[in-house]
Amino acid sequence: MPNWGGGNKCGACGRIVYHAEEVQCDGRSFHRCCFLCMVCRKNLDSTTVAIHDAEVYCKSCYGKKYGPKGYGYGQGAGTLNMDRGERLGIKPESTPSPHRPTTNPNTSKFAQKFGGAEKCSRCGDSVYAAEKVIGAGKPWHKNCFRCAKCGKSLESTTLTEKEGEIYCKGCYAKNFGPKGFGYG
């Protein structure tokens, strides 16, 4: 029997998507009614969709699940909120592993050109442009760009560097600042 007016298979339900009801995203087709956030089930469109490993999310759920964590990454009054998305089915990640000192200072132009992406100064894994932060002249993942002592997230304007490692100004002052009478 001929397939009259048939189309691609839906990326969510697997049934045929006819052109009149088709939404395309990331090279895949969806029914309009199937083009929903994987977590909160809100309807999506081209301005609200975020993709991770072939899964579609609204920008809010994507940010809670895969975005940067820690102080300073909230918006408005949301910075006072302790919601980590558990009610949306997002499992909180385990506590971060203890600090591993910098072991890979490989930032040579040769390595960048022929050896793939630059390596993160904290974890040693490849750092791609979308997740790269430059601090103390070296590349870091956004999530690795933290104080070596307290783990606080840093910005390029709030860090201090000593012997290839980065610190917040408070930890740097406590550990490497002047000592003695009058230096509290």
Side-chain angles (χ1 to χ4, degrees), residues 1-97 104 106-107 109 111-135 138-146 151 153-156:
M1 184 172 195
N3 186 5
W4 300 104
N8 300 318
K9 294 213 184 258
C10 177
C13 72
R15 295 189 305 241
I16 291 179
V17 180
Y18 296 96
H19 295 290
E21 59 186 353
E22 182 177 37
V23 175
Q24 290 191 341
C25 177
D26 199 32
R28 295 183 300 153
S29 297
F30 294 88
H31 294 106
R32 258 191 195 89
C33 61
C34 292
F35 195 49
L36 305 171
C37 173
M38 299 289 292
V39 177
C40 70
R41 311 300 290 165
K42 286 183 186 171
N43 284 318
L44 300 172
D45 62 37
S46 63
T47 62
T48 60
V49 69
I51 303 165
H52 184 84
D53 291 338
E55 294 180 331
V56 291
Y57 299 92
C58 68
K59 290 186 176 180
S60 176
C61 290
Y62 177 87
K64 287 178 184 170
K65 190 165 184 172
Y66 299 108
K69 309 283 188 277
Y71 178 77
Y73 286 107
Q75 296 177 357
T79 55
L80 304 175
N81 190 345
M82 297 302 288
D83 178 18
R84 296 196 318 231
E86 289 94 345
R87 65 183 173 78
L88 299 174
I90 299 171
K91 293 182 173 59
E93 295 178 17
S94 60
T95 56
S97 59
N104 191 346
N106 185 5
T107 58
K109 293 290 179 195
Q112 291 173 29
K113 190 168 185 177
F114 300 106
E118 294 177 277
K119 302 295 183 190
C120 174
S121 300
R122 170 85 18 92
C123 70
D125 290 341
S126 295
V127 181
Y128 298 98
E131 58 186 353
K132 181 165 79 170
V133 178
I134 298 292
K138 297 187 289 188
W140 307 80
H141 291 110
K142 287 178 184 170
N143 287 338
C144 292
F145 197 58
R146 300 180 170 279
S153 274
L154 299 172
E155 295 178 14
S156 59

Got a second to check how far Lys9's NZ is from Ile16's CD1, nearest 0.5 Å? 5.5 Å
Taking all heavy atoms of Val127 and all of Trp140, pick out the closest pair and write down the distance. CG1-O, 3.7 Å
Least distance between heavy atoms, Lys142 atom then Ala130 atom: NZ-O, 3.4 Å
Only counting residues at least two apart or in another chain, list the ones meeting side-chain contact (heavy atoms from CB on, under 4.5 Å) with Glu21. Val17, Tyr18, His31
State the NE2-CD distance between His19 and Gln24, to the nearest 0.5 angstrom. 9.0 Å
What pairs with Asp26 under side-chain contact (heavy atoms from CB on, under 4.5 Å), at least two apart in sequence or on another chain? Ile51
Review item, side-chain donor-acceptor pairs of residues 36-43, under 3.5 Å, at least two apart:
none

Output the distance between atom CZ (Phe30) and atom CZ (Phe35), rounded to the nearest 0.5 Å. 6.0 Å
Look only at the side chain of Ser121 and the backbone of Pro139, and say whether a donor-acceptor pair between them is shorter than 3.5 Å. yes
If the condition is side chain to side chain donor-acceptor pair (under 3.5 Å), which residues does Thr47 pass it with, not counting sequence neighbours? Asp45
Has the side chain of Arg122 got a donor or acceptor atom that lies under 3.5 Å from a matching backbone atom of Asn143? no
Measure across Ser126 and His141 and return the closest heavy-atom pair with its distance rounded to 0.1 Å. O-NE2, 2.9 Å
Plane angle bin for His52 and Tyr66 - parallel if under 30°, tilted between 30 and 60°, otherwise perpendicular: parallel
Go through the structure and list residues passing side chain to side chain donor-acceptor pair (under 3.5 Å) with Lys132, not counting sequence neighbours. Glu118
Looking only at heavy atoms, what is the nearest atom pair of Ser29 and Asn8, with distance? OG-ND2, 3.1 Å
Using modelled atom types only, decide if a donor and an acceptor are shared between the side chain of Arg32 and the backbone of Ala20 within a distance under 3.5 Å. yes
Looking only at non-hydrogen atoms, find the nearest pair between Arg146 and Ser153 and report the distance. NH1-OG, 3.2 Å
Rounded to the nearest 0.5 Å, how far does NZ of Lys59 lie from NZ of Lys64? 15.5 Å
